[in-house]
Number of protein chains: 2
Amino acid sequence: MQQLLTHITNYAPLSNEAQHALQNCFEKITIAKHEFLLTQGQVCRYLYFLEKGALRGFYNLDGKEITHWFGFEKDFVTSFHSFITQEAAVENIQLLEGSILWAISKETLTQLFNQYHEIERLMRIAYEKYYIRLEERFVNAQFKTASERYENLLQQTPHIIERVPLGYIASYLGISQETLSRIRSKF
Amino acid sequence: MQQLLTHITNYAPLSNEAQHALQNCFEKITIAKHEFLLTQGQVCRYLYFLEKGALRGFYNLDGKEITHWFGFEKDFVTSFHSFITQEAAVENIQLLEGSILWAISKETLTQLFNQYHEIERLMRIAYEKYYIRLEERFVNAQFKTASERYENLLQQTPHIIERVPLGYIASYLGISQETLSRIRSKF
DNA sequence: TTTATTTTTTGACAATTGTCAAAAAGCAAA
DNA sequence: TTTGCTTTTTGACAATTGTCAAAAAATAAA
């Protein structure tokens, strides 16, 4: 929990009252490897902060699993589309490692927004950061070759290589596992 | 200006005071076709609301222009990365048509956030919407074929086809102009 | 360790998309 | 209308990446 508070007060300062309110509203969750935090068709009611562990978001397309993001320590994770719209999720969230998370429901978070302007500000800033991050991934996906995307992964997020099976990484990079294997063999 | 207020109060309700404050802080801008709203290297100090017209965002890569987004009526446009971080922009924003915009500076917007919780809420909600939109584009870019991306464009944003030269659209879809031409010839 | 299962690599070939050059079509200015 | 410029299309060929099948390597279970 201290990790969570430390992390978000990096975004913006928070009064003690707001910090206490947050502390009371997050619930600790421990989940084992391979378990699911969310399965497609469910509405994602929670925003999670990942204290320890790793997980992936994936959806099914033509019978194949498409892994489109990973979460690690200090990440906020959720199915953003489902959490924001409260519609059924098209994606699944599955644990890659046994993990410790802190969860807050959408209703509770909305109440906190109403009570504390500074918490809503925090969320606005968090969205800014996540927007920029996604924009970089988008440009990468759309306008770079498979090799460039892999090299980028090595430089920007090397921890992914160390903690995630190559099959998922290939999917994440938008290439086949075979192509990834060939790229790796000649770097 | 009325269009702007109508649009944003669709996101969330706004008190009369906040509406008036907003009205006073946006500045009207009229720009001709082919002119630039931003060029790479500049810091983007403004967030713009596009009342009438069309524009594109592009950056240079290996001597080529990569068009990665378009803006049309009722869009908020800016170089998000530069506007958020206040670092030099890597992208250019160029008018595709003569346009009418409303501009607000980052400093002014920040002041409004401090004065009106409801305006910061509006921004939080706007980011949510823009995040979802970008996420859809990302999934499209990374995991769909060129033809699928074009069909998607036809269905989701047909106005782009009608108002933007095919060369820019090809770039936007992440394919060569020749490939786009061939895809179109057999739809 | 031995066996079973999963993950990763390799080979052969096919499909997709890109590049370069030139022609055709469209548009604007004179 | 004619001329010049820009945009779009077409052809030939090359490069990239995908698919399928099988082998090899790594990991987990007995």
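By convention in this document, chain letters (A, B, ...) are assigned in the order of the sequence lines, proteins followed by strands, and residues within each chain are numbered from 1.
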### Query
Under the 3.5 angstrom rule, does the side chain of A/Thr110 hit a backbone N or O of A/Lys106 as a donor-acceptor pair?
yes
#### Entry: Protein-nucleotide distance (A/Leu166, atom CG; D/dA26, atom C1'), rounded to Å
11 Å
### Along DNA chain C, first and last positions that approach a heavy atom of chain A under 4.0 Å
C/dT8 to C/dA12
### Message
With a 6.0 Å cut-off (strictly less than), is the heavy-atom count around NZ of B/Lys74, excluding the residue itself, greater than 12?
### Response
no
### Message
Expressed as a whole number of angstroms, how long is the span from A/Lys33:NZ to D/dT27:P?
### Response
11 Å
### Task
I would like to know whether B/Arg121 and A/Asn114 meet side-chain hydrogen bond (donor to acceptor under 3.5 Å, both in side chains); could you show each step before the answer?
CA-CA 10 Å; B/Arg121 165 161 303 170; A/Asn114 288 332; 2.9 Å; yes
### Main-chain N/O of A/Asn16 paired to A/His20 side chain as donor or acceptor, under 3.5 Å
yes
### Interatomic distance, B/Glu65 CD vs D/dT6 P [rounded to whole Å]
14 Å
### Task
Give me the bend of the helix from C/dT1-D/dA30 to C/dA30-D/dT1, using the axes of the five pairs at each end, rounded to 10°.
50°
### Query
Going from CG on A/Leu4 to NZ on A/Lys28, what distance comes out if it is rounded to the nearest 0.5 angstrom?
12.0 Å
### Message
As an exercise, state the distance from CG of A/Leu55 to OH of A/Tyr48, rounded to the nearest 0.5 Å.
### Response
10.0 Å
### Task
Before accepting this row, confirm whether a basic side-chain N of the pair A/Arg124/A/Glu128 lies closer than 4.0 Å to the acidic partner's carboxylate O.
yes
#### Entry: Any donor-acceptor N/O pair, B/Ser171 side chain to B/Tyr168 backbone, under 3.5 Å
no
